[in-house]
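Read the structure below first, then the notes.
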Amino acid sequence: DKAAFSGHTSVYLPVGGGSTSLRLGATVIPIFPDADLLISAKVRTDKLRVARAVLAAHLIDQAGAIVEGTEVRTEPIHSHGERSAVKIRIMHTPPAGAYIQIELLVLQPAEFNEDLIVGHHRVQEQDLTGGAWFDDVGVFQIPRLSISLTDNIPVLISPAQPELIATIRDLAGERLTATVEIRDDHGELIDRFE
């Protein structure tokens with residue numbers, strides 16, 4: 001309860017040499033297939049010199065195994081004591097994905113910097129104190145909007161009349177409204193529908 005962006009609490013992941021991870025249970029958040037997901041968080045690093053915070057996620061199948069190719073993560077975060085809003089996306093979730101699993105990490109350089117080659121008798125620099133605060137972690141299903149013209153013809157010659165097809169979808173069953181405005185090349189409103 002020492003550092004909260006909203007509400008009264010947040011999660012602090014300390015390091016003392018080595019890395020730290022907090023992973024959500026594998027079957028806590030079910031998902032729809034062919035969904036677009038946004039995972040977001042507020043992150044504030046604390047007294048880190050070389051270690052960095054990371055928000056990561058991947059999909060889990062019905063058997064509890066990670067679905068290959070669905071792992072996403074932020075770039076390593078060093079917020080210099082400020083709160084940083086971070087987000088990652090998993091688009092078009094595959095049919096095998098049944099759940100999303102989120103992981104909050106504070107990683108030492110050897111865990112996120114592939115350029116570091118550790119040879120014999122070489123000491124790898126690590127943070128022995130510090131950590132990162134994670135707050136407002138959320139998973140959102142992004143509504144999907146597609147717009148196309150009749151037969152995907154990019155240019156119509158008068159007197160042909162174009163037909164605009166707009167589809168908006170939300171798998172969670174939320175009520176969605178889209179307002180479509182058609183304007184000419186001078187920005188004048190030609191048509192508008194909801």
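Nothing fancy with the numbering, it's 1 onward along the sequence.
- For residues 176-194, every residue pair satisfying the side-chain hydrogen bond (donor to acceptor under 3.5 Å, both in side chains) rule, not counting sequence neighbours, is listed here: Glu181-Arg183, Glu181-Arg192.
- Here Asp135 pairs with nothing under the side-chain hydrogen bond (donor to acceptor under 3.5 Å, both in side chains) rule; sequence neighbours left out.
- The distance from the CD1 atom of Ile102 to the CZ atom of Phe134 is 11.5 Å, given to the nearest 0.5 Å.
- In terms of hydrophobic clustering, with Ile, Leu, Val, Met, Phe, Trp and Tyr side chains grouped at heavy-atom distances under 4.5 Å, Ile88 and Leu13 are assigned to a common cluster.
- Among residues two or more places apart in sequence or in another chain, the ring-ring contact (aromatic ring centres under 6.0 Å, His included) test is passed with Tyr12 by Trp133.
- Between Leu38 atom CG and Gln141 atom CD the span is 11.5 Å, to the nearest 0.5 Å.
- Residue pairs satisfying the salt bridge (charged side-chain N to carboxylate O under 4.0 Å, His left out) criterion with at least one member in residues 29-39, sequence neighbours excluded, are listed as follows: Asp34-Arg144, Asp34-Arg169, Asp36-Arg144.
- Think of Ile66 as one node in a network of Ile, Leu, Val, Met, Phe, Trp and Tyr side chains linked at under 4.5 Å; its network also takes in Ile60, Tyr99.
- With sequence neighbours excluded, no residue satisfies salt bridge (Lys or Arg N to Asp or Glu O under 4.0 Å) with Asp46.
- A distance of 9.5 Å separates CG in Leu37 from CD1 in Ile29, rounded to the nearest 0.5 Å.
- Here the CZ atom belonging to Arg49 is positioned 7.5 Å from the OG1 atom belonging to Thr129, to the nearest 0.5 angstrom.
- Leu55 approaches Ile39 most closely through the heavy-atom pair CD2-O, 4.0 Å.
- Distance check, rounded to the nearest 0.5 Å: OG of Ser79 to CZ of Arg52 gives 9.5 Å.
- Among residues two or more places apart in sequence or in another chain, the side-chain hydrogen bond (donor to acceptor under 3.5 Å, both in side chains) test is passed with Thr93 by none.
- Closest approach of Ala178 to Ile168, counting heavy atoms only: CB-CD1, 4.1 Å.
- Hydrophobic cluster membership for Phe5: none, as no Ile, Leu, Val, Met, Phe, Trp or Tyr side chain comes under 4.5 Å of it.
- Scanning all heavy atoms of the two residues, the minimum distance from Thr70 to Ile90 falls at O-CD1, 3.7 Å.
- Residues passing the side-chain hydrogen bond (donor to acceptor under 3.5 Å, both in side chains) test with Asp61, sequence neighbours excluded: none.
- Hydrophobic clustering, with ILVMFWY side chains joined whenever heavy atoms are under 4.5 angstrom apart, groups Val67 together with Val28.
- Taking both residues in full, the closest heavy atoms of Asp127 and Val50 are given as OD2-N, 3.0 Å, listed atom of the first, atom of the second, then distance.
- For His78, the ring-ring contact (aromatic ring centres under 6.0 Å, His included) partners are His80, not counting sequence neighbours.
- Summarising the geometry, atom CZ belonging to Arg44 is positioned 11.0 Å from atom CG belonging to Leu48; distances are rounded to the nearest 0.5 Å.
- Ser6 is linked by a side-chain hydrogen bond (donor to acceptor under 3.5 Å, both in side chains) to Asp136, counting only residues two or more places apart in sequence or in another chain.
- Listed here is the closest heavy atom pair of Ala56 and Leu105: CB-CD1, 4.0 Å.
- Contact check for Val86 versus Ile77: side-chain heavy atoms found under the 4.5 Å cut-off.
- Contact record, Ala132 with Val106: CB-CG2, 3.7 Å, taken as the closest heavy-atom pair.
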For a quick test of your reading: what N or O donor-acceptor pairs under 3.5 Å do the side chains of residues 15-25 make, sequence neighbours left out?
residue : atom : partner : partner atom : Å
Ser19   : OG   : Gln108  : N            : 3.0
Thr20   : OG1  : Pro14   : O            : 2.4
Ser21   : OG   : Glu103  : OE2          : 2.4
Arg23   : NH2  : Glu103  : OE1          : 3.2
Arg23   : NH2  : Glu103  : OE2          : 3.4

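- Leu104 and Val139 fall within a single hydrophobic cluster, where Ile, Leu, Val, Met, Phe, Trp and Tyr side chains are chained together by heavy-atom contacts under 4.5 Å.
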